Amino acid sequence: MFNRAVSRLSRKRPPSDIHDSDGSSSSGHQNPKSTAKWAASLENLLEDPEGVKRFREFLKKEFSEENVLFWLACEDFKKTQDKKQMQEKAKEIYMTFLSSKASSQVNVEGQSRLNEKILEEPHPLMFQKLQDQIFNLMKYDSYSRFLKSDLFLKHKRTEEEEEDPPDAQTAAKRASRIYNT
């Protein structure tokens, strides 16, 4: 059910934002200096599909991936226009992240006041307060740890190595090794 929910959330996004059912980005390409953008703010990180992928990998290791999945589900929900579709998505978010029986329950204040009755008359901002709580939790807790994580630092080093062209001295050393063997 959980993977179905995640893949359903991915369907309405532009091709550059589509994630496979395992959470990996199907585009595979990243913008130069993406780690610098990610380090600038959590907002920048969440706007970049590759950043979301890396952050999800990190949160998975911390057993808190449901936070970013909930945040993404709420972002998708806010864009929904059709009332019937909005009801379906609201119920899916509630059942996946907020109900006491949720498969990937998030820990937010006011959760106990939510019940299935609110799902009958959904509106685009009905989850906004809860989404803000999760955003702040990520921003002041897991995001700062992500920026210090091996996963982020390794990605940053790889990115820096890809953009630094080999200088003349390095090329000369390589050439001397080739000709002196």
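Values below: every heavy atom of this structure, side chains too, minus hydrogens, waters and symmetry copies. Just so we're clear, the structure is a prediction, and the values are computed from it rather than from any experiment. The first residue in the sequence is number 1, and the count goes up from there.
The CD atom of Glu57 sits 9.5 Å away from atom OG of Ser149, with the distance rounded to the nearest 0.5 Å. Atom CD of Glu92 sits about 11.5 Å away from atom CD of Gln85, to the nearest 0.5 Å. Here the CG-OG distance, from Asn107 to Ser64, works out to 11.5 Å after rounding to the nearest 0.5 Å. Distance check: Cys74 SG to Met126 CE gives 9.5 Å after rounding to the nearest 0.5 Å. From Asn67, atom CG reaches atom OG of Ser104 across 10.5 Å, with rounding to the nearest 0.5 Å. Distance check, rounded to the nearest 0.5 Å: CD1 of Ile93 to CG of Leu130 gives 10.5 Å.
Among residues at least two apart or in separate chains, salt bridge (Lys or Arg N to Asp or Glu O under 4.0 Å) pairs with a member in residues 133-152 are Glu62-Arg145, Asp141-Arg145.
Formation of a donor-acceptor pair under 3.5 Å by the Glu66 side chain with backbone atoms of Phe97 is not found in this model. A donor-acceptor pair under 3.5 Å links the side-chain atoms of Tyr143 to the main chain of Ala39, judged by distance alone.
Leu119 places none of its side-chain heavy atoms less than 4.5 Å from the side chain of Gln87. Residues Lys61 and Leu151 form a side-chain contact, since some pair of their non-hydrogen atoms from C-beta on lies under 4.5 Å apart. The shortest side-chain heavy-atom distance between Lys78 and Gln128 falls under the 4.5 Å cut-off. The closest side-chain heavy-atom distance from Val52 to Leu45 is not below 4.5 Å. Leu46 has its side chain within reach of Val68: a pair of non-hydrogen atoms, C-beta onward, lies under 4.5 Å apart. Side chains of Phe135 and Trp71 form a contact here, defined as non-hydrogen atoms less than 4.5 Å apart. Two residues are said to be in side-chain contact when any heavy atoms from C-beta on lie closer than 4.5 Å; Met86 and Phe77 meet this criterion. Side chains of Pro124 and Thr80 form no contact here, defined as non-hydrogen atoms less than 4.5 Å apart.
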Any chance you could lay out the side chain to side chain contact (heavy atoms under 4.5 Å, CB included) test for Ser34 and His155, step after step, and finish with the verdict?
CA-CA 10 Å; Ser34 60; His155 189 73; 4.1 Å; yes
Under the criterion side chain to side chain contact (heavy atoms under 4.5 Å, CB included), I'd like the reasoning laid out for Trp38 against Phe152: C-alpha separation, chi angles, the key distance, then a yes or no.
CA-CA 9 Å; Trp38 303 347; Phe152 175 78; 3.9 Å; yes
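Under the 30°/60° scheme for interplanar angles, the aromatic rings of Phe146 and Phe55 are found to stand perpendicular. Phe70 and Phe127 have perpendicular rings, their planes meeting at more than 60° on a 0 to 90° scale where under 30° would count as parallel.
Salt bridge status for Asp48 with Lys37: absent, with no side-chain N to carboxylate O gap under 4.0 Å. A salt bridge links Glu50 with Arg54: at least one charged nitrogen is closer than 4.0 Å to a carboxylate oxygen. Looking at Lys83 and Glu121, a side-chain N of the basic residue comes within less than 4.0 Å of a carboxylate O on the acidic one, giving a salt bridge.
Side-chain atoms of Glu159 and Thr35 include a donor-acceptor pair closer than 3.5 Å.
In the displayed structure, Gln81 atom CD is contacted under 6.0 Å by at most 12 heavy atoms of other residues, nucleotides or ligands.
For Gln105 against Ser99, the heavy-atom pair with the smallest separation is NE2-O, 3.1 Å.
Under the 4.5 Å side-chain heavy-atom criterion for ILVMFWY residues, a single connected hydrophobic cluster contains both Leu153 and Leu59.
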